[in-house]
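Each chain gets a letter, A, B and so on, in the order its sequence line appears, and its residues count up from 1.
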2 protein chains.
Amino acid sequence: MEENAVDSPRVASAVARMRACGERVTPARHAVLRVVDLADRADEHLTAEVIGARVFELAPSVHRATVYRTLTSLTEAGFLSQVHLGGASTIYHLDAPGAAAETDPADAASGPAVEGPPAAGHAHVRCISCGRVLDVPPNAFDSLAARLADGIGFALDPARTALLGTCRACRADTAD
Amino acid sequence: MEENAVDSPRVASAVARMRACGERVTPARHAVLRVVDLADRADEHLTAEVIGARVFELAPSVHRATVYRTLTSLTEAGFLSQVHLGGASTIYHLDAPGAAAETDPADAASGPAVEGPPAAGHAHVRCISCGRVLDVPPNAFDSLAARLADGIGFALDPARTALLGTCRACRADTAD
DNA sequence: CTGCCTGCAAAGGATTTGCACTCAT
DNA sequence: ATGAGTGCAAATCCTTTGCAGGCAG
């Protein structure tokens, strides 16, 4: 009864890892994974609310509340990651294998958590004007991260929050 | 009837500028300015909600709704600036003279709105672990800003949003 | 005096939660 | 079988808004 047939490799991988972790793979969770994966592929950045709406389209039997709970638990379990957009919204990404739980500092004993490269996950900036979210290669933050680490011992996590600014198009508009 | 006696220079300056702009200086607005200024001086970073609470302590006759409205209007008028913390909260700072309205692009006909230097306002980072908000000199973002401007034509505004990460103390804890 | 700002209270919308039930394992 | 995950609906949170009155200018 698994309609995995249409799953992208990413979703399939996430499902497999979930099972391996003892996380249950339910229709609701599956639907959430698919919606988020689809958005990722389309370079869309979806909020919990929108994910809820799409999941509802895809599987009307899945309740909104469940979507919220799923987003929370899958994020905590390391299968999704959330990015805070300046303002109020939070968007979700499907996490690639390899970089899992940073959420649970307790079991971090294997890898370089701070000095090492940010591994997976790109950063984002959002245009104040048009609201569009743009992807930024993580290494763009390297010098800033280094500076913060050096200066105040702060380990920056660039992938977690989007900075604000004005995109090229809107800049042209405003400049007039 | 002005109890300005205890006003810090910053508050006094803001009040003066407000009057000069034709903005009314009411007890409510005055209280908000004082609360925010006090927090600034104490390196505290207050959300609208907390500001509301403090204003209420200071002047119980001022209604919460008024605080929200005041924060909004004074921000738009350029006397306060808001910084989005990753998550959901927004904190407020008392703006120094010199840098005003970027919020209303419509009537921007007098000053350089986009190309100009970010002027006042430092940036922030917030610790995921302890929630503390740390100040960061704006120039720390310079190379990132340059990179974004150069690469995708994006005009970064580092002062508007706080990035997340882990502070030195919490890093020590986690590292164990 | 005029109109901006305020107080009040009620609306608003997104997210969360208690509970009993269902289904994945 | 067993409990994690779910559906439902109500509660909750912060914030916003309509309106009439008050005060700053």
Side-chain angles (χ1 to χ4, degrees), chain A residues 1-4 7 14-35 46-77 79-80 82 84-85 87-92, chain B residues 1-4 14-35 46-56 58-77 79-80 82 84-92 104:
Chain A
M1 300 60 196
E2 267 119 62
E3 53 279 85
N4 294 8
D7 278 357
V15 166
R17 283 186 295 137
M18 281 174 63
R19 288 216 164 88
C21 285
E23 288 288 338
R24 292 192 176 176
V25 179
T26 64
R29 293 178 158 204
H30 203 208
V32 168
L33 288 176
R34 267 192 261 170
V35 166
L46 307 186
T47 63
E49 198 188 348
V50 176
I51 293 172
R54 300 221 180 160
V55 166
F56 183 78
E57 289 172 23
L58 188 67
S61 64
V62 175
H63 197 273
R64 281 198 280 296
T66 301
V67 173
Y68 283 103
R69 277 188 286 222
T70 299
L71 287 173
T72 301
S73 50
L74 291 192
T75 297
E76 280 171 2
F79 300 102
L80 295 176
Q82 47 183 205
H84 301 290
L85 303 186
S89 40
T90 298
I91 59 172
Y92 290 83
Chain B
M1 274 282 186
E2 267 122 60
E3 52 281 83
N4 295 6
V15 166
R17 283 186 294 137
M18 281 174 64
R19 287 216 165 88
C21 286
E23 287 288 337
R24 292 193 177 173
V25 179
T26 64
R29 292 177 160 207
H30 203 205
V32 168
L33 288 176
R34 268 192 261 169
V35 166
L46 308 186
T47 63
E49 199 188 346
V50 176
I51 294 172
R54 300 222 179 159
V55 166
F56 183 78
L58 187 67
S61 64
V62 175
H63 197 274
R64 282 201 285 294
T66 301
V67 173
Y68 283 103
R69 276 187 289 221
T70 299
L71 289 173
T72 301
S73 49
L74 292 191
T75 298
E76 280 172 0
F79 300 102
L80 296 176
Q82 48 183 205
H84 300 291
L85 303 185
S89 40
T90 298
I91 59 172
Y92 290 83
D104 199 344

Without decimals, in angstroms, what is the distance between [X] [atom1] and [N] [atom2]?
X: A/Q82; N: C/dA14; atom1: CD; atom2: C1'; value: 15 Å
X: A/E49; N: C/dG12; atom1: CD; atom2: C1'; value: 13 Å
X: B/H30; N: C/dC4; atom1: NE2; atom2: C1'; value: 18 Å
X: B/L71; N: C/dT6; atom1: CG; atom2: C1'; value: 15 Å
X: B/F56; N: C/dG7; atom1: CZ; atom2: P; value: 11 Å
X: B/R19; N: C/dC5; atom1: CZ; atom2: P; value: 13 Å
X: A/R64; N: D/dA9; atom1: CZ; atom2: P; value: 10 Å

Side-chain heavy-atom pair [X], [Y] within 4.5 angstrom cut-off:
X: B/V55; Y: B/L58; value: no
X: A/L33; Y: A/L80; value: yes
X: B/R29; Y: B/S73; value: yes

Value for CG (B/L74) from CD (B/E23), rounded to nearest 0.5 Å, stands at 7.0 Å

| query | Does the side chain of B/Y68 get closer than 4.0 angstrom to OP1 or OP2 of D/dT15 through an N or O atom? | reply |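 Yes, because at least one side-chain N or O of B/Y68 sits under 4.0 Å from OP1 or OP2 of D/dT15.
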
The side-chain contact (heavy atoms from CB on, under 4.5 Å) partners of A/A53 (sequence neighbours excluded) come to none

Using residues 61-72 of chain A as the side-chain source, report each donor-acceptor pair under 3.5 Å to any protein atom, sequence neighbours left out, with the distance given to one decimal.
| from | atom 1 | to | atom 2 | distance (Å) |
| --- | --- | --- | --- | --- |
| A/H63 | ND1 | A/A65 | N | 3.0 |
| A/T70 | OG1 | A/T66 | O | 2.7 |
| A/T72 | OG1 | A/Y68 | O | 3.0 |

List every contact pair, protein side and nucleotides 4-6 of chain D side both N or O, where the distance is under 3.5 Å.
| from | atom 1 | to | atom 2 | distance (Å) |
| --- | --- | --- | --- | --- |
| D/dA4 | N3 | A/R24 | NH1 | 3.2 |
| D/dG5 | OP1 | A/E23 | OE1 | 3.1 |
| D/dG5 | OP1 | A/R29 | NH1 | 3.1 |
| D/dG5 | OP1 | A/R29 | NH2 | 3.1 |
| D/dG5 | O3' | A/T26 | OG1 | 3.4 |
| D/dT6 | OP1 | A/T26 | OG1 | 2.5 |

